[in-house]
Every structure is written in C-alpha cells, then in structure tokens.
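What's counted below: heavy atoms across the whole structure, side chains too, no hydrogens, waters or symmetry copies.
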Amino acid sequence: MKKWISGLAAVAMTSVLLAGCGSSTDDATGESGSGGKAANKLVISTWGFSEDFFNEEVFGPFEKEHNVDIVLEVGNNAERLNKIRQGTSNVDVIYLSDYYAQQGIDEGLFEKIDRSKIPNVNDIYDIAKAPLGEDYGPAYTVGQLGIAYNPDLVSKEVTSWSDLWDPAFEGNLTIPNITATAGPMVVDAASRVAGNDTFNEDAAFAELKKLSGNVVKFYSQTSEYVNMFSQEEIAGGPIMEMYFKDLKAAVPNAKFVTPSEGAYAVMNTINVVKGSKNKELAEEFINWQLSQDVQAKSAKAKVDSPVNTKVELTAEEAEGVTYGADVVEKLNKLDMEFVNQQAKAWTDRWNREIAQ
C-alpha cells in the first residue's frame, strides 16, 4: 500500500526527490514479501516530489528485492531535520542537501557509515564520495549552480559570474536570497568577482551591494524565478541546472551557462540517522541509490543528475543534467562546515546591507 506520513508539508523545490510507499509507522513489521512473510520496515525522510518515479523505480524495486516495507516522512530540509533533532521521528535514512546534512553531523545526529557495506561508492565521482567526511553519507546526486538568461533581453553573451554586474542586467536580474540553498554560493562568487583567490567576506558583500540595485527580487524558491522569467520580469540570474528545463519550456531560446570561473556543486546527501535499528538495511539502501541502474533511470527521467561514473547518456538524455567527469570534477565546492558557522552573521549582514 502506498502511503504518506502526515504532519509534514511537502516542498516545491531545493534538491531532488520523492514521495512515499509502505506501511504505517506504528508497526515494526508488516505483512508483505513472498509467501506473506513479515517484512522489515525502513523509514526514509525525503522531499515530496517526483512521487511516481521514485515509487516505481527506486522504492518499489528495493522493497521487492529486500522484503521490506518503506515508509516515507516528507517535507523540506529544515522541518525534517528538526524532527530528528527533537527526537519525534523514527527515521532510518535521511536525504538532505549538504548544507543541512552538515548541521546534522555537527549535532551528532547521524551514524557513522560502514563504507564496506556500500561498494557502489567506489563507482561515483570523487567529489561525491565523502563530501562531508569519510564517516558520513555520500552525495547521490551532484548538480550545478550556473547562470540562465534570456538572450532577447540581454545585450551580450554571458560567460562569467562577473557578467551579472554588467549593464546588460540593469534592473532585470534575480539572485537567490542568502537563506536559499544557493545563497552562500552567490556570496562566494561575488568574492571571486572582486578578484580574490581565497574567500573575502568584506569584498563579497561590497560587490553584492553594487549589484543589489539591479535585482528585481531575491528569490527563495525556484518557482519564483521561473514565474518571473516566464513573464519577462527578469532577464536571468543564478539558478540550478536541474530547473533549466522549466525555463526552456517557457522561453525556448533560453541559455544556461557554466561560468568561466566555475559553477558551484549542489549536492544532496543520504545518511543513516543516529539510533537506527536498521543500520545495515539502511546502508544497503544507500548502495541501491548509488547503483548504476537507479542512477541511470534517475538521469534519463531528468529527476537527478548521476554521480555513478558508469552511467552513459546520449546528448539528448544529458541535456539539462549535470553529467560527465569533465563537468562534475571542475565544480566549485563550498566548505559547508564553514558556511554553517557563518550563516547567522551572513544573514544579518545581508539583511542590513543588501536586501534593503
């Protein structure tokens, strides 16, 4: 039986996943599997979209092969992590963006994984193997933050982060809010535009202050970007490549650019929650999520960019997907431990100096 867990609001955006299947969370086992044998239960915390795909291609096949009932808790990063913090959840596996996963690690909320139980980790890109340390879960997908724009509204070809400061984007730009997943990435990009090889906070905020007058809106959800782009209220701005297909549907000649200084890695991780009674089964599931078959299906459905290096895509299948070692291994990766340490100070400064 397919079933959602109540009490969490589904999200529209931010990383990439799913919906639910399985039994009630009240029971430790359920009647399923061959011959009516009682199945184990695995509780997975994830996002709330691409429901049909994940039920059919990820969760359902895993349930069948491992005689397990999967139950999902669904919501955005913050609310799901808060349930773990509060001890009000019996989750075994949790999908989180690296920003939120780092918070969970810092707070001791995750089990240390046994990588010998996750052999498929050897087949994924280096950047994805241990983005937050060897003791914790891999990234199962790596996207990129670059720049999308409407060439009919911009008087030059965009190739660089510095082009966002060009008069071509005067009064028609959007950038992510500091509290959005991509917010800290734009802060880092501004530091690079200022000419710094290592991060310089003062220089970054000075550059962002110059840019702020051209910003129509600091977006918090990608749906806001898509709506403004569709209505030609904006000419473009930074966005995750995974959402470019939505822009292309609205504006067929829209362009996505990997800036010359490098795009930013957008990583979603998968971890085992502290105290899980199903740690080995949880690690089997992580291995399943990293498998060539699951990764290929996710990529071809344009649900997640693949991290498994054995996945092969045609040019058409790869369109709008962050794909290939030549792309993935060149992405800029933020130090999420540092970002989390600075988050409050950056948010306060952003509100004072940028979003006025």
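- Val121 and Val142 fall within a single hydrophobic cluster, where Ile, Leu, Val, Met, Phe, Trp and Tyr side chains are chained together by heavy-atom contacts under 4.5 Å.
- Side-chain contact between Val91 and Lys83: absent, with no pair of heavy atoms (C-beta onward) separated by less than 4.5 Å.
- Side-chain N/O atoms of Asp98 and Gln102 include no donor and acceptor closer than 3.5 Å.
- Side-chain atoms of Tyr125 come within 3.5 Å of backbone N or O of Gly324 as a donor-acceptor pair.
- With hydrogens and angles disregarded, a donor-acceptor distance shorter than 3.5 Å links the side chain of Asn271 to the backbone of Gly137.
- Donor-acceptor pairing under 3.5 Å is lacking for the side chains of Asp123 and Asn308.
- Taking CD of Glu170 as the start and OG of Ser155 as the end, the distance is 10.5 Å to the nearest 0.5 Å.
- In the hydrophobic clustering of ILVMFWY residues, with side-chain heavy atoms under 4.5 Å counting as a link, Phe244 and Val154 come out together.
- Side chains of Ser276 and Glu111: a donor-acceptor N/O pair is absent below 3.5 angstrom, by distance only.
- Glu261 and Ser160 form a side-chain donor-acceptor contact under 3.5 Å, judged by distance and modelled atom types alone.
- Counting only N and O atoms by type, the side chains of Ser116 and Asp114 include a donor and acceptor under 3.5 Å apart.
- Aromatic ring orientation, Tyr140 versus Tyr95: perpendicular (interplanar angle above 60°, classes split at 30° and 60°).
- The closest side-chain heavy-atom distance from Leu173 to Ile175 is below 4.5 Å.
- Taking the six-membered ring for Trp and the full ring otherwise, Trp47 and Tyr100 have centroids separated by 6.0 Å or more.
- Among residue pairs with one or both ends in residues 300-335, none qualify as ring pair (Phe, Tyr, Trp, His ring centres under 6.0 Å); sequence neighbours excluded.
- When the shell of 6.0 Å around NZ of Lys112 is examined, it contains 12 or fewer heavy atoms from other residues, nucleotides or ligands.
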